[in-house]
Every structure is written in structure tokens, then in C-alpha cells.
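Fair warning: this is a prediction, and the values are worked out from it, not measured in the lab. Nothing fancy with the numbering, it's 1 onward along the sequence.
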Amino acid sequence: MPLLIVAAGIGVLLFLITKMELNTFISLIITAFLIALALGMPLDKIVESIEGGMGDTLGSIALIFGFGAILGRLVADAGGAQRIAVTLIDQFGQKNIQWAVVISSFIIGIALFFEVGLVLLVPIVYQIAKQSKVSILYLGIPMATALSVTHGFLPPHPGPTVIAQQYDANIGMVLIYGTILAIPAVIIAGPLFTKMIRRINPASFHKTRAGDFDSIHTTKTFKLEDTPGFGISVFTSLLPVILMAVTTIVDLIQDLGNVPDNLLFNIIHLIGEPTTALLISVLLAVYTMGVKRNIPMKQVMQSAEESIRAIGMMLLIIGGGGVLKQVLIDGGVGDSVSALFTGSQISPLLLAWLIAAILRIALGSATVAALTTAGLVIPMMQGTSVDPALMVLATGAGSLIASHVNDAGFWMFKEFFGLSLKETFLTWTLLETIISVVGLAGVLILNLFV
């Protein structure tokens, strides 16, 4: 019954947004209230759950989004993003520019959370698309694919890292196997899927061509000689990646050497936190993209303020997705899913993927789906010879499937690329499903050899 209520609730949400043309954020909150009531949540707990979902979601990403938007805008308004775009096009060539985006997104995605990578890369992707005169989606889909694959398969991302500990898997083997799976997943769900969906749904690509840029994302065009150098533009844009990557490497060295924490390690950890890294990067951008180029501070701060205004409604919509997710969790939907598989005799690998997939569809959060699955599947692993590292990847693959309206990532992709609900389902939801299925197939093939 709870799963039927979830399905009905999603139907109501789609009706409110598409037929009633109600604001997406308002529709999400209304739907959350209705689902909470239908699930039989105590009346005095409903508002608490809704506020908790909003707070938990925005509490973890609001600062990241804010600083990331400011950093991206400062680099773009100074011409740095245009310089990066032009240089990449010159180096890789027009035909290979999609692969340049895939490779850079994959490298960046290893060090960054999905949300951070998306916020930092979108301004550069816009500029590359504008300079190349191609659709934003032509580059945006491969970019999002690379970020999503690293989020679901590779440590040090929270899902694979935590469930590797729960399954008692070797984190190094998770990284090796995850990389083996990630490469075909990125290629199939990125460039190859982009070609297929462009033929099936050309309207989404035509409406986001360079001629419509200003209606989706404000960009400025500069004479190349008036832009910052390529090196300083890249360094300013990727400083958060560098700081977080250094922290990750230090963490690995500390763990391998069993070195206890001290003041130096604590300082490195503080600097490597996404919020701290982005704040430092914003301060650097104020200097390299503004002060150093004799741009008045008032003008620099105007760019910062405009960037925040531009993401206000987006933050509310993402928070609304978090509200819906929290109501489903507090309403016991996860318990209903676990009851379906009690006493199952399915292969642990397939079972982990299946439970994670159903939890992902029902609850929205990939990380929550992965962590919940681990708790349900661990007892079923006893007495089997299945490789724990493959269990981690099977769970991670399942947790990525069919992202839709109860997932913050769905709304981020929709808003960043100016898509309708239908177009977001045809692109984002489908590419996430392809990653999940390719991941499962890869796990089952690897299981034949390890």
C-alpha cells in the first residue's frame, strides 16, 4: 500500500505541475503534505518532517551552491570561462569537444560531490557550447553522466565509501572495479546516449542551441585578448577540486599509515571541506578575475549578487525535492520495500541491485537507498562467496536508477538546462537508468572472473 501511495503522489505532482501549471516548489510541498497524510503519519509530525527535509537538503548544499554560483559567475563575467572554452576547442577540435568535456568531468567528479561538480562545470559547459555553436545538452548530458558515475561507483564519494565499510570490502578493490565499470558506463550513457536521444527527441536540443542562450543563462562575450589567461582561469575554476583532492590523498595516506590526527591534519581537513574550499576559491576569484584586472570591487560584487538571485528559486525547488524524500522515509516506505524481500533466495548481487533500485525510485536519494540496502542485504551475504567489493558496486548501481521528481538531482538538471518535465525524464532519468543497468551488467560479468 505505501508504494501505491507513492505512485499516486507522484501522479498528483505531475498533474499539478503540467496540467495546473502550478509553481514546482509549491507543487512539491503540497504533494509532500498529501503523501504524509495518506501514509498515516501523525499529524503533529508532518510539518516537522517537511521542515527537516528542507533543512537537511539545503543545509548540506546551500553554501556549496551559493559559493559555487558566485565562483562560476566571477570566472564567466571576467571572460575566464570563455578563455577555457576557446582553448579546449582549439586543443581537442570541434569534433572531439564532447570527449574533452567527458574526460574533464570524470576527473573533476572523482574529487567532488555531484552537486559541487555540476555547479562548477555548468558555466564552462555553457561557454563551450556557445563557442562551438552546439546544443547545451550535447555537452551537458555527458558532463552529468561522468559526475553521476563517479558519485555512485567510486570512493571517496559517501555512498560507495560508507557501504564499503558496512560490507567490509577492500576500498582499493572497490576503486579498481569501480573504475573498470565507470569507463563503459560513462561512454554508453554519455556520448552514445546523447546521439540516440538527439534523434528521438530533437526538440530538447534545438531549443537550447546557442541562439537561445540568453533566455536560459546570461553570458557575456569578450574579445579573446581581453580575457584572463588560460592557466589562471583553469586554476581559479579548479581550486576547489585541487583542495579537496589534496585532502582526499592525505586522508588515504593517513589511513594507510595509521597516523593519528594532529593540528596539521585537522587544518588540511578543514581546508578540504567543500564549503571551505569554495570560500577560499571565491576569494581567489575576487582577486584574479577582478582586482588584478582592475575591475572595480563594486562591479565584482554585483556579479556575485546577480549569481545568487539567479539560483534562489532553484534552491527552493531542490529543497522541495528533499522534503518529498524525507516524508517518504519518515512515512515508512523503506520498511515496506524491505518486507518485500524477506526470505528471498535471489543472488546477493542481483538482490542488492534490486533493493537499491526500488528504494531509489521510492525514496529519491541515491545515498539513502545505498545505505538502507546495505543494512538489509548484509545478513543475506553470510554463507556466500560473493566479493564484497562487487556488492558495493551492485548496490551503488541500483541506487542510481530512474532518478525522478523525488530526487534533488532531477530538479538540478532540469533547472540548469531549462528543460520541461518531459524533457528531463527523457534525458536525465533515462541516462541514470542506463548507468544503473550497465553497472549491474558489469558487476555480473566481473563476478565470473573474481
Side-chain angles (χ1 to χ4, degrees), residues 59-78 80-81 83-84 88 101 103-125 143 146-151 154-162 171 175 179 228-257 259-292 300 303-304 307-308 311 367 412:
S60 62
I61 68 169
L63 286 172
I64 291 171
F65 257 60
F67 286 136
I70 292 171
L71 177 61
R73 188 60 173 264
L74 292 179
V75 174
D77 283 359
R83 169 71 76 167
I84 294 170
L88 285 175
V101 171
I103 293 168
S104 57
S105 300
F106 187 84
I107 293 170
I108 289 171
I110 292 173
L112 296 186
F113 292 133
F114 174 82
E115 295 87 351
V116 184
L118 198 60
V119 169
L120 291 179
L121 284 172
V122 160
I124 296 174
V125 167
M143 176 199 71
L147 294 175
S148 181
V149 166
T150 57
H151 176 75
L154 302 181
H157 287 272
T161 301
V162 175
I171 199 78
L175 190 57
T179 303
F230 176 74
I232 192 62
S233 298
V234 169
F235 181 74
T236 303
S237 299
L238 297 188
L239 183 59
V241 182
I242 296 168
L243 294 176
M244 285 183 255
V246 168
T247 301
T248 301
I249 293 169
V250 170
D251 282 342
L252 290 174
I253 294 172
Q254 188 180 5
D255 290 342
L256 290 173
V259 181
D261 277 337
N262 56 40
L263 180 60
L264 177 61
F265 285 126
N266 290 335
I267 292 173
I268 292 173
H269 293 155
L270 175 63
I271 292 174
E273 286 288 334
T275 300
T276 314
L278 280 162
L279 174 58
I280 293 170
S281 302
V282 165
L283 295 177
L284 176 68
V286 169
Y287 174 73
T288 59
M289 300 291 118
V291 175
K292 186 179 179 182
V300 175
S303 291
S307 71
I308 297 300
I311 65 167
T367 302
M412 288 173 62

Please evaluate residues Leu243 and Leu239 with respect to the criterion side-chain contact (heavy atoms from CB on, under 4.5 Å), reporting the C-alpha separation (whole Å), side-chain torsions for both, the decisive distance (0.1 Å), and the verdict. CA-CA 6 Å; Leu243 294 176; Leu239 183 59; 4.0 Å; yes
Show, in sequence, the C-alpha distance, side-chain angles and deciding distance for Val122 and Met143, and conclude whether the side-chain contact (heavy atoms from CB on, under 4.5 Å) test is met. CA-CA 9 Å; Val122 160; Met143 176 199 71; 4.1 Å; yes
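Looking at every heavy atom in both residues, Ser237 comes nearest to Val75 through OG-CG1, 3.6 Å. In terms of heavy-atom proximity, Pro228 sits nearest to Ala78 at CD-O, 3.1 Å. Between Leu175 and Leu154, the closest heavy-atom pair is O-CD2, 4.0 Å. When all heavy atoms are compared, the tightest approach of Thr236 to Leu71 is O-CD1, 3.9 Å. In terms of heavy-atom proximity, Ala285 sits nearest to Leu74 at CB-CD1, 3.9 Å. His151 and Pro160 get closest at one heavy-atom pair: O-CD, 3.5 Å.
Here the straight-line distance linking atom CZ of Phe67 with atom CD1 of Ile308 works out to 8.5 Å at 0.5 Å rounding. Separating the CG atom in Leu118 from the OG atom in Ser148 is a distance of 10.5 Å, to the nearest 0.5 Å. Between Ser307 atom OG and Asp77 atom CG the span is 8.5 Å, to the nearest 0.5 Å. Summarising the geometry, atom CD1 belonging to Ile271 is positioned 11.5 Å from atom CG belonging to Asn266; distances are rounded to the nearest 0.5 Å. Between Leu238 atom CG and Ile84 atom CD1 the span is 7.0 Å, to the nearest 0.5 Å. The distance from the NE2 atom of His269 to the CG atom of Leu264 is 9.0 Å, given to the nearest 0.5 Å.
Looking at Leu284 and Ile280, their side chains never come closer than 4.5 Å, going by heavy atoms from C-beta outward.
Around the CZ atom of Phe235, the shell of radius 6.0 Å holds no more than 12 heavy atoms that belong to other residues, nucleotides or ligands.
Listed for the Ser303 side chain is no donor-acceptor partner under 3.5 Å among the backbone atoms of Arg73.
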